[in-house]
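Excluded from the calculations below are hydrogen atoms, water molecules and symmetry mates; all remaining heavy atoms, backbone and side chain alike, are included. In this text the structure is predicted, and so the values were computed from the model without any measurement.
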Amino acid sequence: MMRTLRCGELRTEHVGQTVTVCGWVNKRREHGEHLAFVDLRDHSGVVQCVVDNTVDVRSEYVLAITGTVRLRPEGTTNPELSTGEVEIHEATVEILSAAEPPVFPMDERADGVDEMVRLKHRYLDLRRARMQRNLRVRSQVNRSIREAMYAQDFVEVETPLLMPSTPEGAREFIVPARQRPGSFYALPQSPQLYKQLLMVGGLDRYFQIARCLRDEDLRADRQYEFTQLDMEMSFVDVDDVLDAVEVAVLDAAEAVTGVRPDEVARMTWHDAMERFGSDKPDLRFGMELVELTPIFADTGFKAFSTAGSIKGIKVDGGAADYGRNKLDNLTDEAKSFGAKGMVWLKVEADLTFNSPVAKFLSEDESRAIVSAFDAAEGDLILIIADEWSTTCEVLGELRNRIGRPPVSEGPYKYLWVTDFPLFVGVDAQTGQPRPGHHPFCHPHPDDIDKIADDPMSVRALAYDLVLNGWELGSGSIRIHDADLQRQVFAHLGISDEEADARFGFFLNPFRYGAPPHGGFAFGIDRLAAILAGEDNIREIIAFPKPQSGLDPMTLAPNEVDDRHLDELGIRVLPPAT
RNA sequence: GGUCCUGUAGUGCAGUCUGGAGUGCACGCCGCCCUGUCAAGGCGGAGGUCGCGAGUUCAAAUCUCGUCAGGACCGCCA
């Protein structure tokens, strides 16, 4: 070993020992010809070394320093430092690597540095305490999850990265097949199909910390490549799956924060939409949606009389905070999410309204609104009237916009959202219903009778896990019965022949005895980000990509040799104009 | 595909609205001084394609158009 202990480990108990520490020069402070301090840093912390000033070491030089640990002279201890009571003196310095001056400081001042500069020099960024902590949080999350799964008898299985292209879902990354020019593998959007086949294969309980790839536009909470805890279980009902996942995510949170979060709340999808206007409600704050539809059953106000659903939210004491400008912005916001408009009411002292539409509301209606919201002077009320889903979703967005704390701000509020609809909306191109989760999702047993007559009202045995308003992941009980699968396909506009062509390799195995099974997958990047107190998953990924997908450090993606392309049977077209 | 915001020294910024010499600040860097500092201190110094390209103008970091790059969001992400 080159070192006897780590920089951040030195304590008074080491006084008198001769030690060797290795690390980077965090800072050098000179005091004349024969005294200089070198703060040596590694991942564990910083220790002060007293060296002869004739040694030429500069920031970020990599050193091995050997010397004797002693108490610092009285009055010179540093309580900011874990090693602040001691120092290494009479130190001899071995330069292991010289270094050019760093592009940005290695402390928290670099938090303000342009992210592109940090990414271009990520190997420097990673030296910083923040990134060291974040990657270690992530490692702890992985470890906790793995141990929780092992403890519950799950088997870790790796599944292929090279798989057939399937047209459903996210845009795939594809890989040319050298031995079959013109044919391509697809990289997995998720191991979904394989994990169900593992159930058919009798694995009983599978998990994998799996890399998934989706060629969709990047966001603060999305990368091309992301990692999820992927799991599947046989002979289970919904509660069994939720219980198994709960252990893992609660363990992970406890391991990182030291505090075990509350039990995971449960709410049906319908309740979540009704109460919070979102299928991933943030339960850290209230401001729930209030039902107003009955109040306006016979209203003369045209904007309300034709709407199927009228709801609102109340901003306590918000009247003063929201001037005309902010309200106009909120209205634009509401429109961008699909509302035709937004009604705002400021509650006055006599519980009447200051509002452009006050004159259209009857006295009874106004009183009913005040009572429905339990409103008081100074409150701001925002109302949306539209079809049910639009009303809920728009208010959900407004609620988040107005009341939501930063995602990483505690406490941690896990939530199960259950009973998602089996079908959502209609595909714009085919006119057929679209699957809410995926086409292999089991309908709710109480609703199977309704598949034929009222498919849109059929609930699925599908569920999402939400943490502080971020969707962590989703899962479902799968269909294991061929007849039922055919029925669901039929409603998705997929014929037997088509199903066979598209999913044959997946469906045929189910003829040979498929156990009832279900599973789940959640994003480890998102979970780790929230637990690390970051609101952007790039901060907990060692080498992430910016929104453009162009890696400023490696310059990927890059062009390849013509010879390479010839071998693959690929010719690159000039860019479309 | 769309909306909004950003781009000035190695890094972070001011200057842009209201055009007048790259005018400036902090950190970092280089040199000298300094024996108890710890985001040390003092003195001196170097460092600029104002993202790029056009246009307007006597004159553009500043105004206009285009373009590139980055960010947040909408679409998209079964």
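- Both A/Glu80 and A/Glu115 lie near RNA chain B, and the one whose nearest nucleotide falls closer to the 5' end is A/Glu80.
- Within 4.0 Å of A/Pro546, counting heavy atoms only, lie sugar-phosphate atoms of the nucleic acid but no base atom.
- Nucleic acid contact class of A/Thr77 (heavy atoms, under 4.0 Å, all strands): base.
- What separates CG of A/Asn329 from P of B/C5 is a distance of 12 Å, to the nearest Å.
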Run the salt bridge (Lys or Arg N to Asp or Glu O under 4.0 Å) test on A/Lys326 and A/Asp328 for me, step by step, so that the C-alpha distance in whole Å, both residues' side-chain angles and the decisive distance to 0.1 Å come before the verdict.
CA-CA 5 Å; A/Lys326 276 178 139 179; A/Asp328 284 348; over 6 Å; no
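- Between A/Asn536 and B/A72, a side-chain N or O to OP1/OP2 separation shorter than 4.0 Å is present.
- Residues A/His31 and A/Phe37 bring their aromatic ring centres within 6.0 Å.
- Spacing between atom CG of A/Asp535 and atom P of B/C73 amounts to 9 Å, rounded to whole angstrom units.
- Residue side chain A/Asp217 reaches the base of B/G75 through a donor-acceptor N/O pair under 3.5 Å, judged by distance alone.
- Pairing for B/C76 is absent, with no Watson-Crick or G-U wobble pair whose two atom distances lie under 3.5 Å.
- A salt bridge is defined here as a Lys NZ or Arg NE, NH1 or NH2 lying under 4.0 Å from an Asp or Glu carboxylate O, and A/Lys120 with A/Glu115 fails to meet this definition.
- Partner assigned to B/C4 is B/G71, using Watson-Crick or G-U wobble distances below 3.5 angstrom.
- In this structure, A/Glu108 atom CD and B/G12 atom P are separated by 16 Å, rounded to whole Å.
- Within the nucleic acid shown, A/Asp52 has no heavy atom closer than 4.0 Å to any nucleic acid atom.
- Using a 4.0 Å heavy-atom distance criterion, A/Gly436 is classed as a sugar-phosphate-only contact.
- Base pairing annotation: B/G36 forms no Watson-Crick or G-U wobble pair, as no partner gives both donor-acceptor distances under 3.5 Å.
- Residue contacts for A/Arg171: at a heavy-atom cut-off of 4.0 Å it reaches no nucleic acid atom on any strand shown.
- Checking the phosphate oxygens (OP1, OP2) of B/A78, no side-chain nitrogen or oxygen of A/Gln192 falls inside 4.0 Å.
- No engagement by A/Ala110 is indicated, since no non-hydrogen atom pair under 4.0 Å with the nucleic acid exists.
- The side chain of A/Arg58 contributes an N or O atom lying less than 4.0 Å from OP1 or OP2 of B/G31.
- Atom CZ of A/Arg72 is separated from atom P of B/U37 by 11 Å (rounded to the nearest Å).
- Between the side chain of A/Arg222 and the base of B/C77, a donor-acceptor pair under 3.5 Å is found.
- Phosphate contact (OP1/OP2 of B/C73, side-chain N/O of A/Ser336, threshold under 4.0 Å): absent.
- Remark: A/Asp39 does not engage A/Lys27 in a salt bridge, criterion side-chain N to carboxylate O under 4.0 Å.
- Of the nucleotides present, B/G24 is the one that pairs with B/C13 by Watson-Crick or G-U wobble criteria, both distances under 3.5 Å.
- Across every strand in view, B/G55 sits in a pair with B/C63 that passes the Watson-Crick or G-U test at under 3.5 angstrom.
- Between A/Asp107 and A/Arg109 there is a salt bridge, since a side-chain N of the basic residue sits under 4.0 Å from a carboxylate O of the acidic one.
- Residue side chain A/Phe37 meets the stacking definition with respect to B/U37: its ring centre sits within less than 5.5 angstrom of the base's six-membered ring centre, and the planes differ by less than 30 degrees.
- Figure legend. B/C50 is base-paired to no nucleotide; pairs are counted as Watson-Crick or G-U wobble with both atom distances under 3.5 Å.
- Residue A/Leu550 has its side chain nearest to B/A69 when only B/U11, B/A39, B/A69 are considered.
- Across all strands shown, A/Asp215 has no heavy atoms under 4.0 Å from either base or sugar-phosphate atoms.
- Atom P of nucleotide B/U35 and atom CG of A/Leu35 are separated by 8 Å, given to the nearest angstrom.
- With a cut-off of 3.5 Å on both pairing distances, B/G19 has no Watson-Crick or G-U wobble partner at all.
- With a 4.5 Å cut-off on side-chain heavy atoms, A/Leu527 and A/Phe522 count as touching.
- When the P atom is compared between B/C43 and B/G28, the two are found 14 Å apart, to the nearest whole Å.
- Within 4.0 Å (heavy atoms only), A/Arg538 reaches sugar-phosphate atoms of the nucleic acid but no base atom.
- Here A/Arg70 lies in heavy-atom contact (under 4.0 Å) with a base.
- Rounded to whole Å, the distance from CZ on A/Arg219 to P on B/G75 is 7 Å.
- Atom CD of A/Gln48 and atom C1' of B/A39 are 14 Å apart (whole Å).
- Under the 3.5 Å distance criterion, with hydrogens and angles disregarded, a donor-acceptor pair is assigned to the side chains of A/Thr554 and A/Asp551.
- Salt bridge absent: A/Asp332 and A/Lys335 never bring a charged side-chain N and a carboxylate O closer than 4.0 Å.
- Atoms CG (A/Asp111) and P (B/A39) sit 17 Å apart, rounded to a whole Å.
- Closest to the side chain of A/Arg29, out of B/A40, B/C74, B/C27, is B/A40.
- Nucleotides of RNA chain B nearest to A/Ser548 and A/Glu30 differ in position, and the one nearer the 5' end is that of A/Glu30.
- By the 4.0 Å N-to-carboxylate-O rule, A/Asp525 lies too far from A/Arg222 to be salt-bridged with it.
- The side chain of A/Asp107 has B/A39 as its nearest neighbour among B/U35, B/U11, B/A39.
- A donor-acceptor contact under 3.5 Å is formed by the side chain of A/Glu87 with the base of B/G36.
- Of the candidates B/U11, B/C29, B/A78, the closest approach to any side-chain atom of A/Pro101 belongs to B/C29.
- For B/G45, the paired nucleotide is B/C29, the pair qualifying as Watson-Crick or G-U wobble because both relevant distances are below 3.5 Å.
- In this structure, the nucleotide among B/C38, B/G70, B/A40 sitting nearest to the side chain of A/Lys27 is B/A40.
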